[in-house]
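Below is one structure, written out as structure tokens; comments come after it.
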Amino acid sequence: MPIIASLPGINLFSSLPSNPPPNDAASSTPPPTPPIPIPKYPPPRKRNPQTVQPRSNPALSFPHRRSHYRKPVRKGVISTDGDRSVVIGENGVSYQLPGAPFEFQYSYSETPKAEPIAIREPAFFPFEPPTMSRPWTGKAPLKKSKKKIPLFDSFNPPPPGKKGVKHVQMPGPFPFGKYPKDGKTREEILGEPLKKWEIKMLVKPLLSDNRQVNLGRDGLTHNMLDLVHTHWKRRRVCKIKCKGVPTVDMDNVCRHIEEKTGGKIIHRVGGVVYLFRGRNYNYRTRPQYPLMLWKPAAPVYPKLIQEAPEGLTKAEADELRKKGKSLLPICKLAKNGVYVSLVKDVRDAFEGSPLVKIDCKGMHASDYKKIGSKLKELVPCVLLSFDDEQILMWRGHDWKSMYPEGPLTLVPGKADISSGLDDSANSADDCPTPKTKKVISSRKMISLWKRAIESNKALLLDEIDLGPDALLEKVKEFEGISLAIEHSSEAIILSNESSSGSSMTDLEDGSNMEDFGGENDIYSDDDIIDDEDYDSDPLEEMDPSIPLGSLPVDRIAERLRSERKRNEGKNIN
């Protein structure tokens, strides 16, 4: 082959033209089609495809969540539609409807006292239109059922033995010989007050029952009123379980529940409330309220945290916030907990520190901000920050202690326990300038202290360096003297001249503490005793034939007095 290629005049590719022929459209023929069509494959899938989120239904979105609508408002009517109007007042946004017993609100118990400054959406009515028989759900209403379902209430009970009937409690309970009445006002529906055994009979079956109304962070809402009446249709008592923010001020929640529903709270334990419907309650004549079809947007309120709050400069406020970072919280609030004792805990903490911090980690931001606004009104206090999910409070310039100063007590200087009963009359005359001492205690302890002194059942000691033996000896001597005082002499306050302490110790007889009742004790009508029984003097009821000083207790006191004088004579010698 290399030899042939080297020969001159020989072209190996002579069969191929040196130049291609020109294209002739007329003479050219289309190429033959392939017997099998070429398949069209889809484009290759990517390994990390970008997930496209489907667009949410606009009917299910909340326009006020991310809306920048802000309309400043003032106190008064902001929108009207005939007889219906939207009002801005002390209770925030409320709705006035013709014939309504009160102004409707979304939440009755969790409305701030501060007036709103703006609204987040146009003013409208969250109730169904008056021309619409039912709320529009996007579907036509169902056809009328051909079945006739019998309805039973407390005044038309089902026949005995009928199957498929839920239990309905009869109206009442009523005293013997009385029957239900048609009441219109709240007092007429409630009837006579329940007795203790009636309350126990109504509450006991519901203690372990989970058929209840749950009250959450929004407090007593409008639709909850109809839910309470639904429970009252079957039972006399409705159990309401409260958790979260409303439990900070349970008195406010209970007051609104009674006002709006018309019932009576007969029992309350922590955050659980038992609401009685009334002796003469009738479900047919109950007040009927329109339901709210959606939750209105909360208005805009003034800021809780200010840079320089209540008389503080910005530098002073920043210094307090800096100190609060190293402060330990007094408690940690759990999510959806019961905070009944939170106000008292904060007040007690302010007695020892001007700053108080509460740990709220894990809670929703709106929850602990609502708790802070409630503490600001109830304690009261000044809010400094919500940083790091913690509430930092300052007690303020106008803070006053819960424990007022105790009464000024005059303590004779030369009186002594060894002086006995005979020298008690002259001890006040011989003493020089009396020394006064202050005791700081709670109101209940002050009342008990006063009663113990007035009834001769307490001893004031000025010495704080007494040893156990000396203190026990004084207590034994006082026991004998106090028994003698009850039978033969007036009261006496004994002290020691060589007093160097700054506090006083009250020694009270434990067996007599039952006589001192607290101010908050509650007694029934059967337990109340006339004051004449307490005002009577025990010496007047005693047999007049028994002379004073001849009882066995008096003899023991005389023997102790003689032994004490004998011991004093030995010590002098």
Side-chain angles (χ1 to χ4, degrees), residues 64-66 68 70 72 92 107 109-120 216-219 243-250 252-253 297-402:
H64 60 271
R65 294 294 184 185
R66 298 181 180 179
H68 297 284
R70 295 290 186 277
S107 177
S109 61
E110 300 307 305
T111 304
K113 293 184 179 180
E115 296 182 2
I117 59 178
I119 55 177
R120 303 177 188 270
R217 63 163 58 95
D218 292 331
K243 283 189 175 182
V245 180
T247 58
V248 177
D249 189 5
M250 281 299 298
N252 177 51
V253 175
V300 181
Y301 290 96
K303 291 185 177 181
L304 292 174
I305 305 299
Q306 300 178 3
E307 293 184 358
E310 296 195 9
L312 291 175
T313 62
K314 188 177 183 303
E316 294 175 348
D318 293 341
E319 184 66 21
L320 291 176
R321 295 187 182 99
K322 185 177 181 181
K323 292 180 180 179
K325 291 184 178 180
S326 60
L327 186 67
L328 294 177
I330 60 172
C331 61
K332 185 181 185 303
L333 302 183
K335 186 178 180 181
N336 296 330
V338 180
Y339 319 125
V340 178
S341 62
L342 182 61
V343 176
K344 183 180 179 301
D345 295 341
V346 174
R347 288 176 179 174
D348 292 340
F350 276 141
E351 297 293 332
S353 174
L355 293 177
V356 170
K357 189 164 63 174
I358 300 175
D359 190 2
C360 304
K361 291 184 179 179
M363 297 179 61
H364 198 273
S366 62
D367 287 352
Y368 61 75
K369 288 181 180 179
K370 290 179 182 179
I371 292 176
S373 64
K374 284 180 173 291
L375 294 176
K376 180 181 179 180
E377 299 172 359
L378 298 175
V379 174
C381 60
V382 180
L383 297 177
L384 294 179
S385 73
F386 291 125
D387 297 341
D388 302 330
E389 298 183 355
Q390 293 177 340
I391 306 175
L392 181 61
M393 297 166 286
W394 176 54
R395 63 186 182 187
H397 290 298
D398 300 333
W399 174 80
K400 295 181 180 179
S401 176
M402 292 192 303

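Treat the numbers as computed from the prediction; the structure is a model and nothing was measured.
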Under 4.5 Å between any side-chain heavy atoms of D249 and V253, yes or no?
-> no
Salt-bridge test for K314 and D318: reply yes if a basic N is under 4.0 Å from a carboxylate O, no otherwise.
-> yes
Ignoring hydrogens and angles, tell me if any N or O in the side chain of R395 forms a donor-acceptor pair with the backbone of F350 under 3.5 Å.
-> yes
Does D218 use its side chain to pair, donor to acceptor, with the backbone of E110 at less than 3.5 Å?
-> no
Output all residues satisfying side chain to side chain donor-acceptor pair (under 3.5 Å) with D387, sequence neighbours left out; order by chain, then residue number.
-> none
Looking only at non-hydrogen atoms, find the nearest pair between L355 and G324 and report the distance.
-> CD1-N, 4.2 Å
A308 to L312 - nearest heavy-atom pair and separation = CB-O, 3.1 Å
4.5 Å side-chain heavy-atom contact, L383 and P309 = no
CG of L392 to CD1 of I358, rounded to nearest 0.5 Å, is 10.0 Å
Which atoms form the tightest heavy-atom contact between G92 and T111, and what is the distance?
-> N-CG2, 3.9 Å
Backbone of E316 reached by a side-chain donor or acceptor of T313 within 3.5 Å = yes
Around atom NZ of K113, are there more than 12 heavy atoms of other residues, nucleotides or ligands at under 6.0 Å?
-> no
4.5 Å side-chain heavy-atom contact, P72 and I117 = no
Can you pull the side-chain hydrogen bond (donor to acceptor under 3.5 Å, both in side chains) pairs that have at least one residue in residues 353-370, sequence neighbours excluded?
-> R217-D367, K357-Q390, H364-S366
Any donor-acceptor pair under 3.5 Å linking the side chain of R70 with the backbone of A118?
-> no
Output yes when R321 and E307 qualify as a salt bridge under the 4.0 Å nitrogen-oxygen rule, no when they do not.
-> no
Count the heavy atoms belonging to other residues, nucleotides or ligands that lie under 6.0 Å from NZ of K243, then report whether that count exceeds 12.
-> no
Within the distance-only criterion (no hydrogens, no angle test), does the side chain of T247 pair as donor or acceptor with the backbone N or O of Y339 below 3.5 angstrom?
-> yes
Within a strict 4.5 Å, meaning less than it, do heavy atoms of the H397 and E310 side chains meet?
-> no
